[in-house]
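Everything numeric here is computed off the predicted structure, so don't read it as measured data. Hydrogens, waters and symmetry mates play no part in the numbers below; they use all other heavy atoms, side chains included.
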2 protein chains.
Amino acid sequence: MEFENTVIHEEVVARVKEKMPQEEPIYEVSELFKVFGDSTRSRIICALHIEELCVNDLSTLLNMTQSAVSHQLRILRQARLVKSRKDGRVVYYSLDDDHIGEIFSLAFAHIMEEREG
Amino acid sequence: MEFENTVIHEEVVARVKEKMPQEEPIYEVSELFKVFGDSTRSRIICALHIEELCVNDLSTLLNMTQSAVSHQLRILRQARLVKSRKDGRVVYYSLDDDHIGEIFSLAFAHIMEEREG
DNA sequence: ACTATATATGAACAACTATTCATATGAATG
DNA sequence: CATTCATATGAATAGTTGTTCATATATAGT
């Protein structure tokens, strides 16, 4: 890290620094996006947005090994984005948060507009 | 990849498969989130959401080398999330999309609610 | 032209991540 | 209680990514 930057617009930097959100929330937001930023996890989220599914069904649906799906579900669980319900030896997963759907909807809208424009 | 999964709920899988968004948009959405999923890029986006900034000011503000910031700006440019304006040898960056702010606002709202609950 | 400054970029490296493989856990069933 | 089935998990690996360092490009000033 260098600190020898010639500050071109000191006032601007000061102004923006004052208005900037705190470091910690920004960090957490990007951690959330990092979880979304994998196509396997995105596909899992899309599927669970439609309906509750067990691990085996998910791996069939996504054409992936049970292990790979299970590993990703763990990440989603740790991020509190999905919740699980156990029925015998079958574990059913579903979305644990209402915001997720909204965020994905906006992202989809963005992608779709990009395609047109 | 294994295809030897014992399908537990065939009808459910079939139903969800039918309702699932297409592969390609999901892939693009997760690519978008991947760009957001780095704290340096998130900080850049937050800063530019407040005000247009040049590279040098950004690196001062974020306490990072000019090179590191420049590399991340390239990624944001390629994703069409920021646009640049050249004035002499100074290059000013600003957000290139209205959706970005909304998506970040929702994500922040989510993070803040997580902190309370 | 020469120098200083603002930004961009290529190569290298370290850190991280997603999948696979092997195996463990835990619950139902005969 | 041994076996089968659904899921979870640890280790290993291959691929990706962010930063640094060195350097290139481009523009302004002298």
inquiry  = Could you check whether B:H99 and A:F108 have their ring centres less than 6.0 Å apart?
reply    = no
ask   = Does B:H71 lie flat on the base of C:dT9, that is, centres under 5.5 Å apart and planes under 30° off?
value = yes
request  = Go through C:dA18, D:dA6, D:dA8 for me and flag the one nearest to the A:D38 side chain.
outcome  = C:dA18
ask   = Reckon A:Y92 touches a base, only the sugar-phosphate, or nothing at all at heavy-atom distances under 4.0 Å?
value = nothing
ask   = Between the base of D:dA8 and the side chain of A:Q66, is there any donor-acceptor pair under 3.5 Å?
value = yes
ask   = How bent is the helix from C:dA1-D:dT30 to C:dG30-D:dC1, comparing axes over its five end pairs at each side, to the nearest 10°?
value = 20°
request  = State yes or no: are the ring centers of B:F36 and B:F104 separated by less than 6.0 Å?
outcome  = yes
key: 5' precedence on DNA chain C between A:D87 and A:S67 (nearest-nucleotide basis)   = A:S67
message = Looking only at the side chains, is there a donor atom on one of B:Y93 and B:R85 sitting less than 3.5 Å from an acceptor on the other?
response = no
inquiry  = With the threshold set at under 4.0 Å for non-hydrogen atoms, list the residues of residues 43-55 of chain B touching DNA chain C in residue-number order.
reply    = B:C54, B:V55
request  = Taking only Lys NZ, Arg NE, NH1 and NH2, and the carboxylate oxygens of Asp or Glu, determine whether B:E18 and B:R15 approach each other closer than 4.0 Å.
outcome  = no
query = Are any of the side-chain heavy atoms of A:V35 and A:L76 separated by less than 4.5 Å?
reply = yes
message = Closest-nucleotide mapping onto DNA chain C: is A:I75 or A:K86 further toward the 5' terminus? I mean the 5' end.
response = A:I75
